[in-house]
Amino acid sequence: RPSLGAALLSAAFTTANDEIRLTRTLTYTNVALDLVDWHAGVAGTVTIAGGYDNCDDTAASGRIALNGQSGNSVVVVRTSSQSSSVVTLRALELTDSGFRGLAVGSGAEVSLQNVWIHHNGGGAFVSTGGFLTTDAATEVTDHAPFYDYGGGISCSGAGAYLGFRGKLLRNQVLEGGGNLHVGPGCLVELYGGVLLEGNGAFPSVDYSASFGGAIYVDNGIVVAHGGANQVMIRQHQVYADGRGGAIFARGADAVVSLFNTAIQNNTARISGAALHAEDGASVAMDRVAPCPFIFSCSDIRNNRTIGSWDGHLVSIDGAHVELRRTVVVGNGWQSTFLAAPSNLLHVENDGYLALDGVLLWRNFAAHLLHAISGGEITGQYLTVAENTYSIDSVVYDSWASIADGGDVGLFSSILLDTKGTDTLAGGSTTSDCLLVNTTQNWNPGTFFVAAPLFISQGTGDLRQVAGSPGVDFCDEQMVPWPGQ
C-alpha cells in the first residue's frame, strides 16, 4: 500500500488521467499537498477520492480526513510550466491546518465533491486565475478568526472564479466577510440551495466579522442564482461599529445580484443589518421563476440593528440598490436599554434606492424610507402595512418617508396606517396615485382614501382580491426609473 505521496509521484509519470483512492487502513497526518501542473497530456488530471474501507472496496462511503500542518495549507493546487492544473477532490476532509484548508492558484481548476473543509486557520482561498467549483454536499465550516477576510472562502484577483453549491457555516474573520470575501476581479456564483449561516444573531456573543457578516464584496461580483431552492443568508452578526450584518458591498466595480435569495435574522451594531452598500457599489434583489413560494422568494426578514439610536436595515451610502418583488418583513431596531427611532431603508451621499413591487409589513422603524444628504429613493407599486415604532413604550405608526436634504418619490402604491411623508430643509417629496387610509401628512391631490381588500393581511398575504378598490385604481403612468 503506497503512501499518498508515492501514489501521486507514480501518477505524475504518465500522461493518463488518474484517480487515487484513499482507504481507512491508513491515517493521513501532517499533510501538505502541493499539486502542480496536473495537465492533460503531461501528467494528466488527478482525482483524490476518500471513503474506501480497504483496497478491495469498490463503493465509497463517508469521508476520509487529511490532517494538515501548522505552517502550510492542507492542499495547494497551482501551475508552474503548464496552462492548467486540473484536480478533483472527493469524499475528503481537509482539516487541522494553521493556514487554509485549500489554496487554488493561477491556472488551477479544482472541483470539490462531498468535501468538508473545517477547523483550519481559514477555509479556501482562490487567487488570480484560479477556478473552484463545488457540489451541494461540500461544506466549509467552523473557522475561527485568524485571517482578515473570508473565513470560509476568500476569492480575489483577475479571472478568479468560485461556483458554489454547498454550505458555508460558522466561519469568522477579524475584518470583512465571515463566510465569504469577494475581492477585485473575482466572480462568485451561488446556486439554489446554498446556505450561508453564522454563529447566531443577537443575542449571540459569537460574531462573524467586523463588517459583512456573511459576505464582503470589495469590487468583486456576486450572483446568487436562487430558483426553486432559495439561496439562504442567515444568523450573522457584526460587532463594534460594524455595518452589513449579512452583506457589505463596496466600490464602483462591486456588483451583487441576488435572485430568489432570503436574508434572515442577521444583526448589525450600527447599520445595514441586512445590507450596507457604499462607494458606488451596485446591488439588486428580485424574485424570478421558478419560485416555490407565492410571493416571498426574494425575502428580507427579521433582521436587527442593535445599540445604535439611528440604525438602518438597508444602508446605502453613495451606492445604487434596486429591490424588486421583494418582501421586507419583521425587521427593526432592538436594544436592551430602550426602544428608539430607526430607519428601515436609508440612503445618503448621492446614493439611490429603487423599489418596485415591494412589500413592507410589520417592520419596526420610525421612518420606512429615509433620504438625506443627496440620497434619492423612488418607489412604485409598494404595499405598506402595520409598520410601527415606539418611544417610552408608546407605539406609533411609522412615517412612510422623510426627505432631509434628499429626495423621495412614491407612485401607485398602497400605504396603510402610516403618518405620511415629511419633507425637511433641502429635501423634496413627489407622489402620485397613492391609496391610503389616513389623510395625515400626504401631499394634497396625490392620494385616495379607501380600504384595500387583501387575501390574508394577518398572515402577510397582502395580495389584493379582485374586488379590492386598489385594483387598477389609478393611472398607469411610467414613473422615473433607472434606465427608463
Side-chain angles (χ1 to χ4, degrees), residues 112 123-124 126 132-141 150-155 161-171 177-182 186-199 201 208-209 212-217 220-237 244-249 254-267 272-277 281-303 313-314 321-329 331 358:
L112 301 183
V126 185
L132 175 62
T133 61
T134 82
D135 67 358
T138 291
E139 300 182 14
V140 183
T141 78
I153 300 177
S154 179
C155 179
Y161 175 81
L162 170 65
F164 193 78
R165 289 175 166 81
K167 296 178 181 178
L168 285 163
L169 310 176
R170 301 179 301 276
N171 298 290
N179 271 317
L180 177 61
H181 163 239
V182 186
C186 176
L187 167 62
V188 171
E189 295 186 280
L190 306 174
Y191 291 90
V194 162
L195 171 62
L196 282 73
E197 185 173 273
N199 293 66
S208 297
I215 305 174
Y216 171 44
V217 184
I221 300 173
V222 175
V223 182
H225 300 282
N229 294 311
Q230 287 175 299
V231 171
M232 176 65 70
I233 304 171
R234 69 187 184 196
Q235 297 180 6
H236 301 84
Q237 184 173 183
I247 299 172
F248 189 116
V255 178
V256 181
S257 301
L258 307 174
F259 303 106
N260 288 15
T261 297
I263 302 175
Q264 299 181 357
N265 295 291
N266 301 282
T267 306
L275 168 67
H276 176 81
S282 297
V283 181
M285 288 187 70
D286 199 356
R287 171 189 186 273
V288 296
C291 171
F293 308 116
I294 296 174
F295 54 85
S296 61
C297 282
S298 184
D299 185 289
I300 302 175
R301 186 182 303 264
N302 296 334
N303 302 280
L313 170 71
V314 172
V321 176
E322 297 184 17
L323 302 181
R324 299 172 181 262
R325 295 175 291 188
T326 297
V327 300
V328 181
V329 174
N331 305 280
V358 172

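Taking both residues in full, the closest heavy atoms of S208 and G213 are given as CB-O, 3.3 Å, listed atom of the first, atom of the second, then distance. Scanning all heavy atoms of the two residues, the minimum distance from Q230 to A262 falls at NE2-CB, 3.6 Å. Taking every heavy atom of both residues into account, R165 and T134 meet most closely at N-OG1, 3.0 Å. Contact between V288 and G226 at its shortest, heavy atoms only, is CG2-O, 3.9 Å. For the residue pair P292 and G227, the shortest heavy atom distance occurs at CD-O, 3.6 Å. Between C186 and V182, the shortest heavy-atom contact is O-CG1, 3.8 Å.
Distance check: R234 CZ to N265 CG gives 8.5 Å after rounding to the nearest 0.5 Å. Rounded to the nearest 0.5 Å, atoms CD1 (I233) and CG (L196) are 5.5 Å apart. Note that the CD atom of E139 and the CG atom of L195 stand 9.0 Å from one another [nearest 0.5 Å]. Considering OG1 of T326 and CG of D299, their distance stands at 8.5 Å, rounded to 0.5 Å. To the nearest 0.5 angstrom, F164 atom CZ is 7.0 Å from T138 atom OG1. The CG atom of N303 sits 5.0 Å away from the CG atom of N266 when rounded to the nearest 0.5 Å.
Within the 4.5 Å cutoff, no side-chain heavy atoms of I215 are placed close to those of H236. Proximity of H225 to E189: side-chain heavy atoms (C-beta onward) are separated by under 4.5 Å at one or more points. Using a 4.5 Å heavy-atom cutoff, the side chains of Q237 and N199 are not in contact. With contacts defined as side-chain heavy-atom distances shorter than 4.5 Å, the pair R287/N260 qualifies. Annotation: side chain of T133 is in contact with side chain of Y161 (closest heavy-atom distance under 4.5 Å). Looking at L258 and I247, their side chains come closer than 4.5 Å, going by heavy atoms from C-beta outward. The shortest side-chain heavy-atom distance between I300 and M285 falls under the 4.5 Å cut-off.
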message: With side-chain contact (heavy atoms from CB on, under 4.5 Å) as the criterion, how do L162 and L180 come out once you've worked through the C-alpha distance, each side chain's angles and the decisive distance to 0.1 Å?
response: CA-CA 11 Å; L162 170 65; L180 177 61; 3.9 Å; yes
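S257 places no side-chain N or O within donor-acceptor distance of the main-chain N or O of A284, the cut-off being under 3.5 Å. Without hydrogens or angle criteria, T261 side chain to F259 main chain gives a donor-acceptor distance under 3.5 Å.
Using a cutoff of 4.0 Å between basic side-chain nitrogens and carboxylate oxygens, D286 and R325 are scored as salt-bridged.
Just one of L168, V188, N179 meets the side-chain contact (heavy atoms from CB on, under 4.5 Å) condition when paired with I153; it is L168.
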